[in-house]
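Structure record follows, encoded as structure tokens.
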2 protein chains.
Amino acid sequence: MEKRLPTIKEIAKQLNISVSTVSRALHDHPNIGLRTKMRVQQLAKELDYEPNQTAIFFQQGKTYTIGVILPELSEAFFSSAISGIEDAAHKGNYTVLLGQSHDDIEKEKHLLDTFRKHRVDGLLVSISKNTTNYEHFEALQRYNIPVVFFDRIPKIPNIHYVACNMINGTVQAINFLFKKGHRIIGMINGPEKLPATKERLDGYIQAMTKSRLKYDPNLVVNCDLTKEGVASSTEKLLSGKRKPTAIVAFNDYVALDAVQQVRKMKFKINKDISFVSFANLPISNYTAYPPLASVEQFPYQQGQKATETLIELLQKKSEESLENNNATFYKIILESQLVVHDVKQG
Amino acid sequence: MEKRLPTIKEIAKQLNISVSTVSRALHDHPNIGLRTKMRVQQLAKELDYEPNQTAIFFQQGKTYTIGVILPELSEAFFSSAISGIEDAAHKGNYTVLLGQSHDDIEKEKHLLDTFRKHRVDGLLVSISKNTTNYEHFEALQRYNIPVVFFDRIPKIPNIHYVACNMINGTVQAINFLFKKGHRIIGMINGPEKLPATKERLDGYIQAMTKSRLKYDPNLVVNCDLTKEGVASSTEKLLSGKRKPTAIVAFNDYVALDAVQQVRKMKFKINKDISFVSFANLPISNYTAYPPLASVEQFPYQQGQKATETLIELLQKKSEESLENNNATFYKIILESQLVVHDVKQG
DNA sequence: TATAATCACACAAACGTTTGCACTATTTTT
DNA sequence: AAAAATAGTGCAAACGTTTGTGTGATTATA
């Protein structure tokens with residue numbers, strides 16, 4: 001029952017011509033006469049011939065495959081991102097090889113190895129939280145496999161990346177609150193060492209000082225993003241000397257957890273205290289007290305853009321070939337944007 | 001700067017032995033003397049030799065790659081599923097090639113083609129909503145590429161699949177409500193033609209009759225899952241002759257939309273009327289009025305199980321080879337399970 | 001001591017495709 | 001009519017690996 005798939009050889013034998021002629025005929029090579037071209041192409045169709053890609057990959061040393069490594073697929077951000085990646089890759093005739101690191105640097109390394117062995121043409125990576133050492137990525141340079149990082153970017157020079165600038169969005173968030181009349185604005189930020197945390201803080205400081213509100217470090221608390229951490233951070237903010245009337249939360253989940261704590265303390269949401277947060281998860285539509293607005297980070301677009309960039313790199317690579325290794329690095333920044341929710345006040 | 005990666009030939013030349021010896025030495029073949037084995041393995045390490053997988057794939061006609069086609073990655077269900085798939089594949093030393101159909105049958109076909117050309121060893125598929133014709137899958141049989149379907153299963157005989165039995169969960173849901181004292185229980189079901197809808201209905205009828213409550217068709221309404229559809233279905237249920245005190249919703253989103261409508265009609269949630277639903281999205285933890293309980297469908301486990309099944313099939317295939325094509329088909333059913341939420345009453 | 005078994009390795013084919021080169025007709029140019 | 005260009009094919013190498021078979025040397029058996 002084993003169907004032997006038809007090959008170029010088969011066609012050659014049946015038509016009594018050489019394999020090279022068949023190959024060229026199928027590729028519309030100008031050297032081949034119209035007559036034979038037709039005969040070959042017709043027989044190919046009859047036999048349902050399909051080129052063996054693995055043979056072609058091998059022969060050309062290319063796989064038209066992109067490896068994607070990201071921390072956690074079940075996070076909404078990354079599942080959107082992979083969606084954008086997959087769509088863009090498909091459009092560019094590339095295929096996506098997927099792997100998740102689960103924020104474990106060892107798994108990240110292992111995936112990198114696997115993908116390299118699979119001879120992916122290029123890589124798309126959002127690094128794991130626990131990755132602080134980047135040797136495994138630097139090693140890739142030697143293999144001439146281009147990497148485009150997105151969202152979670154390693155702090156090393158000479159890399160390509162696509163990221164979303166949070167500063168702008170944070171500024172918009174503060175300004176939004178300012179216009180609503182808030183003057184004491186707090187922030188529940190993330191773990192201190194995260195770059196995302198720093199960006200939010202920068203935006204906060206920038207916007208506060210521009211609005212002639214002075215920057216009060218007591219109004220900004222870091223937390224570990226657990227429910228308990230958020231609760232205690234919230235409590236700390238609300239029991240401080242200057243009680244904020246609005247809080248910018250690290251993300252939507254933090255906002256929702258904070259809301260719970262606020263209600264436990266018998267404050268009225270959107271009256272005593274309002275929330276703005278990051279991420280804009282679909283969840284917000286369904287909660288009783290969603291944040292007034294969210295800073296959208298466009299994960300789909302980030303994924304898409306990163307993929308397009310990588311494909312561009314791959315094309316340049318095959319064109320230049322041996323030329324001077326063009327040492328220009330793509331640093332693409334998408335702007336985050338505040339999305340105001342349609343919340344019924346009260 | 002172009003690094004030529006070291007090959008088996010290189011090693012052979014440097015040690016002045018044949019490539020076959022090198023190959024066997026690297027594979028610990030018993031025919032090779034210990035001395036040469038050591039020399040080869042050491043030089044391999046020195047040169048950082050890594051076998052060229054594309055060559056091996058080509059040579060062996062295997063790719064250790066699994067193609068995955070699913071409708072929409074950004075849906076929570078599928079992103080969990082792919083997570084399970086990826087983990088299981090990785091454990092079995094397979095790699096995952098990813099594609100989403102966006103519920104478009106043409107894209108589904110195209111992905112199938114791409115994956116076939118890439119010579120994936122096997123396929124994991126959750127079919128698109130709009131797929132009613134299954135020829136493209138049947139065609140795969142000829143290429144001897146095994147397919148395991150999951151969650152969304154085509155209605156054709158002789159296929160492998162992994163699915164989740166909703167009937168049991170539905171029965172549990174009704175019993176749960178019965179124990180809470182509810183006697184008039186409504187259901188907001190999905191589109192009529194969906195198999196998922198039928199299963200829920202079956203479970204509903206089964207549980208109602210077993211509980212000596214008679215099955216009243218007026219208590220079950222179908223809806224199109226849009227916000228508006230849910231609203232009107234809810235209204236219809238609540239303004240009927242027999243007003244239900246509890247409602248089983250098609251999924252968590254439907255439940256939340258229904259809750260909104262119920263509140264608009266000035267009924268008290270969990271007092272006048274309670275909800276139970278399907279899916280158990282993380283969202284439930286954050287909403288003001290989550291359903292009392294959800295029927296969990298274990299997407300991660302479904303993905304995992306489907307992958308393990310496929311890998312098993314692939315191993316059998318390579319063992320049996322030309323043997324009788326073992327015509328047993330895996331039909332794996334996971335049981336859904338009611339998860340009771342920790343909701344503060346009132 | 002002659003024969004058989006074992007060991008350690010080399011040779012070469014095969015997987016399917018692409019592509020530089022050589023070759024033979026035919027046609028075009030001088 | 002001879003030389004040159006061109007069109008249409010075939011040959012063979014190459015990509016890196018695995019694996020069946022062949023072969024000489026060493027060791028074990030009778």
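Throughout, protein chains are lettered first and strands after them, A, B, ... in sequence-line order, and every chain is numbered starting at 1.
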Any donor-acceptor N/O pair, His29(A) side chain to Asn31(A) backbone, under 3.5 Å: yes
Lys331(A) atom NZ, over 12 foreign heavy atoms within 6.0 Å: yes
Mutual orientation of the aromatic rings belonging to Tyr64(B) and Tyr94(B) [parallel < 30°, tilted 30-60°, perpendicular > 60°]: tilted
Ring centroid separation Phe57(A) to Phe57(B) under 6.0 Å: no
Atom pairs under 3.5 Å, N or O on each side, protein against nucleotides 5-8 of chain D: can you list them with distances?
none

Aromatic plane relationship, His110(A) with His90(B) - under 30° parallel, 30 to 60° tilted, over 60° perpendicular: perpendicular
Rounded distance (Å) that lies between atom P of dT9(D) and atom CG of Leu15(A): 11 Å
Leu43(A) side chain near Glu46(A) side chain, heavy-atom distance below 4.5 Å: yes
Among Glu75(B), Glu72(B), Glu108(B), side chain to side chain contact (heavy atoms under 4.5 Å, CB included) partner for Gln100(B): Glu72(B)
Pair Thr309(B)-His160(B), side chain to side chain donor-acceptor pair (under 3.5 Å): steps then yes or no: CA-CA 9 Å; Thr309(B) 306; His160(B) 307 279; over 6 Å; no
Heavy-atom protein contacts under 4.0 Å, nucleotides 10-19 of chain C, coded B base, S sugar-phosphate only, - none: BBB--BBBBB
